[in-house]
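These notes are about the structure you will find just below.
Side chains included, hydrogens not; waters and symmetry mates left out as well; all remaining heavy atoms used. Throughout, a chain's letter reflects where its sequence line sits, starting with A, and its residues are numbered from 1.
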Amino acid sequence: MTRRPAGSITGRLILTLTVGTTLLWLVAAIFSTGILQHELNESFDRALVETARRLLPLAVDSVQDRDEEQGPQEIHQFERDGDHGLVYQLRRPDGRLLLRSEDAPAAPFATEGSAGFADTDDYRVFTLEDPEGRVGIQVAEPLARRRQALAGSTLTLFLPLLLLIPLSAAGIFVAVRRGLRPLGTLQAEIAARDGANLAPLALSGLPRELTPIAQALARLIDRLRAAFEAERQFAANSAHELRTPIAGALAQTQRLIAMTGDDRVRLEARKIEATLRRLAELAEKLMQLARADAGVAVSEVPVEVLPILRLVLADSRMHARRPADIRLAVGPGAEALTARINVDALAIVLRNLIDNALVHSPADTPVEIEVTADGRVAVRNAAPPSPPRRSRACAAASSAAQPPPPAPGSGWRSSRPSSPRWAASCSSIPRCRAAPTASRR
Amino acid sequence: MRVLLIEDDPGLGEAVRDHVAADGHAVDWVRRLDAAEDARAGTPFELMLLDLNLPDGGGLDFLRRLRQQGDATPVIILTAMDQISRRIEGLNAGADDYLVKPFDLSELSARLAAVARRYTGNPNPLLSIGGVEIDLAHRQVRRAGALAEITGREWAVLERLLRRPGVVVSRGQLEDTLYEFGAEVESNAVEVYVSRLRRKLGRELIVTVRGLGYRIDPR
């Protein structure tokens with residue numbers, strides 16, 4: 001069963017906090033709206049009661065001597081701004097209408113019962129009768145007006161949320177990003193580590209929560225480094241175990257060649273000598289590959305490139321199958337060139353490039369090595385250019401760490417595994433007369 | 001030259017010993033560091049061929065001890081450790097050269113001769129003394145342009161005298177040089193080989209200093 005990727009912690013935190021905050025605000029606003037509506041209704045009802053109590057004595061007095069045969073009297077109001085506020089009706093207990101405000105309906109309010117609150121389709125009505133039971137007053141408020149007031153109040157509560165929610169989301173985003181910055185730092189530190197770079201993690205300045213993780217990683221890196229070192233040591237020891245018997249066999253064969261007076265024996269011994277040399281070369285390549293795979297190519301301390309190059313050059317001159325014309329040109333400022341490269345890895349790469357250039361160099365032509373202050377070591381010979389397909393393959397092998405095409409005697413094979421570990425560039429570039437160039441930066 | 005070979009591999013050690021001896025040097029071959037210490041205590045060696053991985057310890061530690069004791073004997077490291085880092089370590093420990101196994105015996109001869117020349121203060125392998133031309137690198141001697149046939153033992157005596165032309169070399173020192181040739185070294189061996197060299201290269205080349213020994217006349 002495969003798990004879906006967990007996604008971004010930052011994204012999840014921002015989303016969760018924003019949604020959570022928004023929901024809390026909404027719940028709070030809804031709760032507040034409920035309370036507000038209740039309070040408003042109570043307030044409006046109190047206004048109805050108060051109005052009825054104040055109007056009833058006046059109304060009773062004004063209708064006392066009134067001729068009821070004239071029909072209900074209509075009380076004109078002073079100018080209003082279209083605000084249909086409270087209306088009232090004064091009536092007898094039998095329902096006969098005695099008096100009403102101008103904008104009150106002509107028909108009595110269709111309420112049941114005598115005193116107290118009642119709702120019609122359009123009005124909230126409060127009925128109050130005088131203590132003697134002669135008349136009753138009904139004060140009503142249009143429900144539409146009340147609803148409008150409630151809606152306005154509710155809107156006042158919710159409108160700020162439209163601004164506050166995006167603002168809080170932005171604030172959460174900034175806070176989360178700042179809070180998780182040490183995680184990003186740790187992530188970058190870890191991302192910089194690989195088989196080539198096992199330098200200790202920078203643990204200072206990490207928050208308390210991350211310190212155990214970083215410490216566990218540091219222990220893991222230590223163990224990896226020890227494992228790499230053990231592997232490299234094993235390769236080195238294997239070299240010794242393999243090389244010494246070969247050296248013994250080669251030396252004894254050369255002694256036989258020197259001592260024998262029999263030409264046939266000498267001829268056969270030379271064949272054995274040649275085989276042993278090939279075996280030695282093969283063993284050397286195998287050891288280099290083993291070291292390149294096991295080795296850590298990035299060095300924690302910078303090393304001087306030229307002394308290593310000169311040692312490699314001396315070796316290459318000595319082991320060349322024919323007199324080698326190797327010319328070293330050191331550019332201005334390159335004498336003190338340093339690089340954070342493992343000494344042995346650098347030597348393997350240089351040795352392979354130089355040997356390769358020597359093997360494929362036409363007779364009586366030099367191999368030129370150029371070191372420049374910008375960190376480039378170029379090895380050139382006068383060989384015809386490689387076919388484009390092969391050149392591309394070499395470049396691709398260098399950049400993508402894919403196995404290069406078979407190239408007997410070429411330096412690509414054993415220089416390949418190291419190069420991605422220190423981002424070396426490896427190219428075969430026709431120059432002038434299309435002479436191939438291989439360079440390490 | 002008296003050479004101490006410290007190598008634990010029997011096949012390689014035997015071949016190197018025979019080859020260096022055939023080059024005209026006296027070789028003592030030991031397989032352990034403690035044996036090397038014993039050999040040093042009894043004999044002054046002029047060059048050491050040192051393996052690094054030995055049954056009773058590391059060759060580099062031995063070399064460092066040597067240098068700490070003020071012993072300036074030239075040392076060539078013979079090792080299977082081909083990493084540049086190890087080589088730098090070896091050279092820093094005081095080695096004069098570093099030869100990675102497997103190597104050609106001819107290369108060993110060349111390195112050995114080069115180191116020896118460096119220590120005698122005469123890095124030029126071509127000498128010309130009184131009409132005799134000597135190529136130390138190729139072990140060839142010409143008198144009046146004609147190649148002279150020199151045997152291994154004759155060469156050993158000549159090379160010992162040539163190391164410091166004009167300086168007297170005692171009979172005992174020349175005997176030491178021949179010692180490795182074993183039972184065949186007789187009481188008059190030095191006189192015999194000096195006489196043969198004079199016959200081949202001219203009587204004036206080697207001067208007898210009565211009571212002291214012999215020297216090459218550098219004129």
Between B/Glu7 and the options B/Lys101, B/Arg31, B/Arg17, the salt bridge (Lys or Arg N to Asp or Glu O under 4.0 Å) test singles out B/Lys101

Assess whether a salt bridge exists between B/Asp8 and B/Arg32, defined as any Lys/Arg side-chain N lying under 4.0 Å from an Asp/Glu carboxylate O. no

List the residues meeting side-chain hydrogen bond (donor to acceptor under 3.5 Å, both in side chains) with A/Arg277, not counting sequence neighbours, and say none if there are none. A/Glu273, B/Asp104

Under 4.5 Å, counting heavy-atom pairs only, tell me which of B/Leu91, B/Ile84, B/Ile88 racks up the most with chain A. B/Ile84

Salt-bridge test for B/Glu133 and B/Arg143: reply yes if a basic N is under 4.0 Å from a carboxylate O, no otherwise. no

Inspect the contact between B/Asp96 and B/Arg67 and indicate whether a charged nitrogen and a carboxylate oxygen are less than 4.0 angstrom apart. yes

With a 4.0 Å cut-off on N to O distance, would you call B/Glu154 and B/Arg198 a salt bridge? no

Residues in residues 250-261 of chain A near chain B [non-hydrogen atoms, under 4.5 Å]: A/Leu250, A/Ala251, A/Gln252, A/Gln254, A/Arg255

